[in-house]
Amino acid sequence: MWISPYKYVLSLGHLCSDINQSILSAVLPFLIATYHYDYTTATMLVTVSNVFGAFVQPFIGMLSDKKNKLLYMTLGVLLASGGMAVTGFISNFFGLCIAVIISGIGVAMFHPQAAKLVNSVSSKNAKGKGMSIFSFGGKVGFTLGQVYTAFLMNLFGMKGTILFLIPGIVFGIVCSFFNKDFENLDVLEVEKKEKVKSEQKDD
């Protein structure tokens with residue numbers, strides 16, 4: 001029996017997106033030790049990342065409702081990874097804030113479009129299963145972020161943050177093979193809604 005890969009691609013994207021939120025928390029002790037920030041200052045980085053990410057997410061959701069834009073997903077994950085990748089090369093606190101804000105916005109860009117597609121690729125009787133597969137990827141990302149950060153910091157020190165780019169690049173490559181399919185799914189979804197509206201008018 002053929003198994004649809006779409007839910008698993010989106011779950012991989014969720015992993016590659018949410019790993020960055022976990023990385024941010026895990027990298028704080030290294031930032032404190034390297035740049036001699038106090039704990040209050042360091043934890044502000046998490047706050048600004050979450051606040052800006054939360055602020056833009058509704059707007060991304062509204063844009064994705066109007067038109068299916070896979071760019072929101074792929075660019076979002078790349079921004080999320082890229083923002084974290086430069087943290088080991090910036091000692092200025094303002095610069096670090098900009099980096100984590102970019103990462104937080106990237107994470108926010110991914111979720112609305114991806115959640116919309118999960119709903120589209122899941123059959124009527126398997127919506128819960130589709131969402132659970134998608135959520136599983138995010139949980140794995142949160143878990144791996146701590147381990148991945150410790151591994152890179154121990155091997156390469158703060159310069160190892162550049163390798164935080166790897167998840168974003170991996171998802172970008174994988175997603176490129178499914179771009180056309182995801183775009184067609186959105187067209188089918190629109191046609192389905194138009195058909196339902198037409199039937200309701202006829203009734």
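Crowding of F55 atom CZ: a count of heavy atoms from other residues, nucleotides or ligands under 6.0 Å not exceeding 12. Open room surrounds NZ on K129; 12 or fewer heavy atoms of other groups in view lie less than 6.0 Å from it. Summarising the local packing, CZ of F178 is surrounded by more than 12 heavy atoms from other residues, nucleotides or ligands at distances under 6.0 Å.
Listed here is the closest heavy atom pair of S25 and P29: O-CD, 3.7 Å. Contact detail for S22 and Q146: the closest heavy-atom pair is OG-NE2, 3.2 Å. The two atoms that bring L165 and A85 nearest to each other are CG-CB, 3.7 Å, heavy atoms only. The two residues S81 and G168 make their nearest non-hydrogen contact at OG-N, 3.2 Å. Closest approach of C16 to P167, counting heavy atoms only: SG-O, 3.3 Å. Closest approach of I90 and A99 over heavy atoms only: CD1-CB, 4.3 Å.
Side-chain contact between L15 and F171 is absent, with no heavy atoms from C-beta onward closer than 4.5 Å. In this structure the side chain of L117 reaches within 4.5 angstrom of the side chain of M73, judged on heavy atoms. Looking at heavy atoms from C-beta onward, L12 lies out of side-chain contact with V9 at the 4.5 angstrom threshold. Side-chain contact check for H14 versus H111: some heavy-atom pair is nearer than 4.5 Å. Put simply, the side chain of L31 reaches to within 4.5 Å of the side chain of L45, judged on heavy atoms. Counting heavy atoms from C-beta outward, T161 and M153 have side chains that approach closer than 4.5 Å. By the 4.5 Å heavy-atom criterion applied to side chains, F136 and K139 are not counted as neighbours. The shortest side-chain heavy-atom distance between N119 and M131 does not fall under the 4.5 Å cut-off.
In terms of modelled atom types and a separation under 3.5 Å, the side chain of S17 and the main chain of G13 share no donor-acceptor contact. Judged by distance alone, the side chain of S176 and the main-chain N or O of I173 form a donor-acceptor pair under 3.5 Å. A donor-acceptor pair under 3.5 Å is formed between the side chain of Y37 and the backbone N or O of F93. Of the possible donor and acceptor atoms, one in the side chain of S49 sits under 3.5 Å from a partner among the backbone N and O of V100. Panel note: side chain S11, backbone K7; no donor-acceptor pair is recorded below 3.5 Å. Side-chain atoms of Y148 do not come within 3.5 Å of backbone N or O of G141 as any donor-acceptor pair.
The aromatic rings of F134 and F110 sit parallel, their planes meeting at an angle under 30°, below the 60° perpendicular limit.
Distance check, rounded to the nearest 0.5 Å: CD1 of I60 to OH of Y72 gives 6.5 Å. For the atom pair CG (L78) and CD1 (I102), the distance works out to 13.0 Å, reported to the nearest 0.5 Å. Here OH of Y35 is found 14.5 Å from OG1 of T41. Values are rounded to the nearest 0.5 Å. T143 contributes atom OG1, which lies 9.5 Å from atom CD1 of I19 (distance to the nearest 0.5 angstrom). Separating the CG atom in L10 from the SG atom in C175 is a distance of 7.5 Å, to the nearest 0.5 Å. Residue I162 holds its CD1 atom at 9.5 Å from OG1 of T87, rounded to the nearest 0.5 Å.
Under the 4.5 Å side-chain heavy-atom criterion for ILVMFWY residues, no single connected hydrophobic cluster contains both V107 and V51. By the rule that hydrophobic residues join a cluster once side-chain heavy atoms approach within less than 4.5 Å of another member, Y39 and L96 end up as members of separate clusters. Hydrophobic clustering, with ILVMFWY side chains joined whenever heavy atoms are under 4.5 angstrom apart, groups V174 together with M109. When the side chains of ILVMFWY residues are joined at heavy-atom separations under 4.5 Å, either directly or via intervening members, L75 and F177 end up in a single hydrophobic cluster. The hydrophobic clustering, which links ILVMFWY residues whose side-chain heavy atoms are closer than 4.5 Å, places F89 and I32 apart.
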